[in-house]
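Notes to accompany the following structure.
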Amino acid sequence: MVAITLPDDSVRDFDGPVSGADIAGAIGPGLAKAAIAVRVDGELWDLSRAIDHDAAVSIVTMRDDDETVFDLLRHDAAHIMAEAVKELFPKTQVTIGPSIENGFFYDFSRAEPFTPDDLEAIEARMGEIVGRDEPLIREVWDRDKAIAFFKDMGEHYKAEIIEDLPATEEITLYRQGGFIDLCRGPHLPSTGKLGSAFKLTKLAGAYWRGDSRNEMLQRIYGTAWRTPKELNAYLHRIEEAEKRDHRRLGKQLDLFHFQEEAAGMAFWHPKGWTLYRILEDYIRGRLDTAGYVEVKTPQLVDRKLWEKSGHWEKFGEHMYTTESEERTFALKPMNCPGHVQIFKTDLRSYRDLPLRMAEFGGCHRYEPSGALHGLMRVRAFTQDDAHIFCTREQITPETEDFCRLLLDVYKDFGFEDVKINFADRPEVRAGTDDVWDQAESALTEAAEVTGIEIGLNPGEGAFYGPKLEFILTDAIGRDWQCGTLQVDFVTPERLDANYIGEDGQRHRPVMLHRAILGSLERFTGILIEHHSGAFPLWLAPIQVVVATITQDGDAYATQVAKELRGAGLRVELDLTNEKINYKVREHSLAKVPAIIAIGQREADDGTVSVRRLGSKGQEVLALRDAVDTLAAEAQIPGQSAAA
RNA sequence: GCCGAAGUAGCUCAGUGGUAGAGCAACUGAUUCGUAAUCAGUAGGCCGGGAGUUCGAAUCUCCCCUUCGGCACCA
């Protein structure tokens, strides 16, 4: 007897082992048809797998929670894709094929590259396999037999995976039609359940087991959904995301460009540079009030200093160097050694601590060519960097202050949704466990005052200390790690920084490496994507365009522009001989937040007609009121009104 | 760095071995107009770079550069 408890707490008794399908059938034919899997004591099982013990069971249908359904659906899609590939290209070896966010992939090993045409053929064959509605059958295999089986088939990767599975793990294979694959499962009952809402999206290389020393496999990505409607909605979301790509908007809005002669380094155009400068000025203002001092350190520094700091050994390959005066210099990849040099020019007292030293430090790093990505990953960038030299006791209060400052800044930029990750000690590290204990608890304690839940990023701390990572979420739900705070006991030691304590003895200061925006280039890119290029007034490179309707308005329009500029606004005057429709269109496409149209009426009445970006209508205001309103709205957050 | 794809006018793109094309932008002229494209004309190209095949190359082959999508990397 097997007693099955259903979600409504009713209990059904069965004579012997019973499958999820049997249970669904016993409840009703509708459910039997809709069932795709079963939850047994909370664990997801195949519908056909026999339950031989008393259990709490719930039947899973396509209406179950998204995560469960999509995971099943996409995992099946991966198997069906592998079956299609094996049918079309029998010599291909299969490796792994999981479900991922929004889709799935499968990695294949094959001598010839797949072509985009092959993708179409594979997708078509997948459709056929769905049509065949092949049942997916779970089989438990003997380990050695399974290894021999896959070796015999020439599936060496599969054999290797089994060999590496822990001896305790049950080896399960799933069979569908002529295709059999090692898999933990569970799966949908048959290939027909996948339906038609799937699509192969891209072809890419991927290293076997994610290790660049291994063979490069061919990865095919796809997406799968419950219904064609869901699929189309997803494809539409992708299109919309592409429209806000900062590289595309950078061109459209004339913000910056890249060219071959300086790969990975931006040429900032006037409008883009305006935006960049606003960020820099804003942060500078913030740091001033938060008690930081600003410095500037050399771009080009003798390699000797990098050897001392330890960077040469670890990252020398990624530093740009130049020879001069029979010495080797390196373009600085980071600012900390420079800041320590300034710290050391004076005999420091504990009374000088904490010393918060900030720099908009322009750094160069030789990033691998394949890593470059618009402004997001560049070879020349500027950090809103600072190092706080402090005592161990000051780690917690300084971290608390920093968290508050950072959250304030993110809020000003419209990022309310922030996550914090704590990255603790890596396996290879400098410093004693005692020191790490202290540093880790100092950081977590301080981070807790933010009230934000702290995620753990185990073993991902820097070799010199633990760190906090600050992640913001943009308008379309993507996460960006921008801010960071890292505790460093090693650099002060290596570069011999010290201060005189209350006891009259020399002590090592602790360094807190911290950045709020991270790289100004990258943060600019994030802002462009977050706002789709339609910036709030305080960030917009051109805040207002004053456009005339006919030439009769030129004189008054010039006066309006002058007054707006007088109030500190960034204004463009458009006196061109075009129709107002054309001007409105041009400036709207350029995403200027406010267009002021000037015609005879406004000139006669001393008014302006203001049209806001995104609105269809306009508002007629007295010139003075318009200037005041716009100037107030353009205020940089966190600063008092401009004089 | 690795795998795959791409690079043609300022921008978006067409052009598969036989005299380099379109739209928009630019420039010139006309038009003076009330909230998302006024009309006409003109000009604009080392077809990413180099080598090769060919009577002839944007087009075929090889090498390199850059970009795009991933992977690996990210102090």
Side-chain angles (χ1 to χ4, degrees), chain A residues 105 107-108 110 112-116 118-119 201-221 242 245 247-248 251-252 254 257-264 306 309-319 332-337 363 365-374 376-379 381 383 385 462-464 467 481 484 486 488 490-491 513 518-519 522 547-554 576-590 595-602 609-620:
Chain A
F105 68 77
D107 286 349
F108 300 100
R110 175 173 179 248
E112 300 77 37
F114 289 114
T115 66
D118 293 339
L119 279 204
T201 50
K202 55 198 169 193
L203 200 51
Y207 296 108
W208 166 239
R209 299 202 150 157
D211 189 329
S212 58
R213 289 166 301 190
N214 291 342
E215 187 202 344
M216 173 141 302
L217 306 170
Q218 298 187 61
R219 175 172 295 179
I220 302 177
Y221 282 96
E242 275 167 16
D245 188 309
R247 293 165 299 187
R248 175 178 172 146
K251 233 179 239 175
Q252 269 169 25
D254 195 18
H257 85 270
F258 289 91
Q259 65 186 51
E260 283 192 29
E261 290 83 350
W306 306 111
S309 70
H311 291 103
W312 188 263
E313 195 198 351
K314 222 171 146 84
F315 297 103
E317 300 259 294
H318 299 281
M319 288 164 72
K332 70 171 169 182
M334 53 189 333
N335 309 299
C336 25
C363 295
R365 294 179 184 175
Y366 178 68
E367 301 284 2
S369 55
L372 301 179
H373 182 96
M376 301 303 186
R377 188 83 181 265
V378 285
R379 287 177 172 162
F381 60 97
Q383 292 171 308
D385 198 10
F463 76 95
Y464 48 70
K467 62 182 175 188
Q481 197 221 299
T484 179
Q486 310 176 6
D488 181 2
V490 173
T491 306
H513 304 244
S519 138
R522 179 163 172 271
T548 47
I549 292 166
T550 70
Q551 278 174 348
D552 297 338
D554 284 7
T576 55
N577 177 16
E578 293 291 348
K579 291 166 79 164
I580 192 65
N581 294 25
Y582 180 87
K583 294 186 184 185
V584 165
R585 179 181 153 83
E586 285 299 291
H587 302 303
S588 297
L589 288 174
I595 299 170
I596 289 182
I598 298 293
Q600 198 56 52
R601 281 207 298 271
E602 287 76 13
S609 156
V610 184
R611 181 193 173 104
R612 296 304 191 111
L613 182 60
S615 82
K616 288 227 164 73
Q618 50 268 322
E619 194 183 6
V620 178

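Letters A, B, ... mirror the listed sequences (proteins, then strands); counts begin at 1.
- For A:K579, whose side chain is taken as the heavy atoms from C-beta onward, the closest listed nucleotide among B:rU35, B:rU38, B:rG70 is B:rU38.
- Look at NZ on A:K332: it is 14 Å from C1' on B:rA75, rounded to the nearest Å.
- Taken to the nearest 0.5 Å, the OG1 atom of A:T550 stands 11.0 Å off from the CD1 atom of A:I598.
- Using a 4.0 Å heavy-atom criterion, one finds that A:R219 contacts the sugar-phosphate atoms exclusively.
- Closest to the A:R585 side chain, of the nucleotides B:rC71, B:rG69, B:rA37, is B:rA37.
- Minimum atom distance to the side chain of A:S609 is reached by B:rG34, of the listed B:rG1, B:rG34, B:rA75.
- Using a 4.0 Å heavy-atom criterion, one finds that A:G210 contacts the sugar-phosphate atoms exclusively.
- Nucleic acid contact class of A:S309 (heavy atoms, under 4.0 Å, all strands): none.
- Across all strands, A:H513 comes closer than 4.0 Å to no nucleic acid atom at all (heavy-atom distances).
- At a cut-off of 3.5 angstrom, the base of B:rG48 holds no donor-acceptor pair with the side chain of A:Q259.
- Base contact: A:Q551 has a heavy atom under 4.0 Å from a base atom.
- In this structure the side chain of A:S369 reaches within 4.5 angstrom of the side chain of A:R379, judged on heavy atoms.
- Distance from the side chain of A:K251 is smallest to B:rC11 among B:rG70, B:rC73, B:rC11.
- Heavy-atom nearest nucleotides on RNA chain B were determined for A:S369 and for A:P333, and the one closer to the 5' end corresponds to A:S369.
- At the heavy-atom level, A:A204 lies under 4.0 Å from base atoms of the strands shown.
- At least one side-chain nitrogen or oxygen of A:H373 sits closer than 4.0 Å to the OP1 or OP2 atom of B:rG69.
- Checked against side-chain hydrogen bond (donor to acceptor under 3.5 Å, both in side chains), A:T201 has no partners two or more places apart in sequence or in another chain.
- No engagement by A:F463 is indicated, since no non-hydrogen atom pair under 4.0 Å with the nucleic acid exists.
- At least one side-chain nitrogen or oxygen of A:K202 sits closer than 4.0 Å to the OP1 or OP2 atom of B:rG70.
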Legend entry - Nucleotide-resolved protein contact map, nucleotides 41-47 of chain B, B/S/- at heavy-atom distance under 4.0 Å: -------
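- A:Q618 comes within contact range of at least one nucleobase, with a heavy-atom separation under 4.0 Å.
- Taking the P atoms as reference points, B:rG7 lies 11 Å from B:rC60, given to the whole Å.
- Set against B:rA36, B:rA75, B:rG69, the side chain of A:H311 has B:rA75 as its closest nucleotide.
- For the C1' atom pair drawn from B:rC13 and B:rA20, the interatomic distance equals 14 Å after rounding to whole Å.
- Counting only heavy atoms from C-beta outward, the side chains of A:E367 and A:L372 approach each other to under 4.5 Å.
- If you take atom C1' in B:rU61 and the same atom in B:rC71, they sit 29 Å apart, rounded to whole Å.
- Rounded to the nearest Å, the gap between the C1' atom of B:rC11 and that of B:rG44 is 13 Å.
- Between the side chain of A:Y207 and the base of B:rG1, a donor-acceptor pair under 3.5 Å is found.
- By the neighbour-count criterion of 12 heavy atoms within 6.0 Å, atom CD of A:E313 is sparsely surrounded, having that number or fewer from other residues, nucleotides or ligands.
- Comment: A:D211 does not engage A:R209 in a salt bridge, judged by the lack of any side-chain N to carboxylate O separation of less than 4.0 angstrom.
- Comparing B:rC3 with B:rA75, their P atoms are spaced 25 Å from each other, to the whole Å.
- Of the two residues near RNA chain B, A:M216 and A:V620, the one whose nearest nucleotide lies more 5' is A:M216.
- Under the Watson-Crick or G-U wobble criterion, with both distances below 3.5 Å, B:rA51 is paired with B:rU61.
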Inset, instruction - Can you check each nucleotide of nucleotides 5-10 of chain B against protein heavy atoms at under 4.0 Å and return B for base, S for sugar-phosphate only, - for none, in 5' to 3' order? - result: --B---
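- As judged by a 4.0 angstrom heavy-atom cut-off over every strand, A:S212 is placed among residues touching the sugar-phosphate backbone only.
- B:rA26 and B:rC46 have their C1' atoms separated by 22 Å, with the value rounded to a whole Å.
- For A:Y464, taking side-chain heavy atoms from C-beta onward, the closest of the listed nucleotides B:rA75, B:rA36, B:rU67 is B:rA75.
- Under 3.5 Å, the side chain of A:R377 and the base of B:rC74 form at least one donor-acceptor pair of N or O atoms.
- Residue A:Y221 places no side-chain N or O under 4.0 Å from the OP1 or OP2 atom of B:rC3.
- Of the candidates B:rC68, B:rU38, B:rC71, the closest approach to any side-chain atom of A:R247 belongs to B:rC68.
- For the P atom pair drawn from B:rU66 and B:rG48, the interatomic distance equals 16 Å after rounding to whole Å.
- Residue A:A597 is classed as a base contact, given a heavy-atom separation below 4.0 Å to a base.
- Residues A:T548 and A:Q551 form no side-chain contact, since every pair of their non-hydrogen atoms from C-beta on lies 4.5 Å or further apart.
- Comparing B:rC73, B:rU32, B:rU35 by their closest approach to the side chain of A:P368 singles out B:rC73.
- Nearest to the side-chain atoms of A:S588 among the listed nucleotides B:rG70, B:rA36, B:rA25 stands B:rA36.
- A:Q600 comes within 4.0 angstrom of a nucleotide base, judged by non-hydrogen atoms across all strands.
- Residue A:F315 and nucleotide B:rA75 are classified as a stacked aromatic pair, their ring centres being separated by less than 5.5 Å at an interplanar angle below 30°.
- The separation between A:W208 atom CH2 and B:rA72 atom P is 14 Å, rounded to whole Å.
- Look at the P atom in both B:rG15 and B:rA25: the space between them is 24 Å, to the nearest Å.
- Residue-level contact check: A:E578 touches the bases, meaning some heavy atom is under 4.0 Å from a base atom.
- In this structure, A:E602 reaches the bases: a heavy-atom distance under 4.0 Å links it to at least one base atom across the strands shown.
- For A:L589, counting side-chain heavy atoms from C-beta on, the closest listed nucleotide (B:rA36, B:rG70, B:rA75) is B:rA36.
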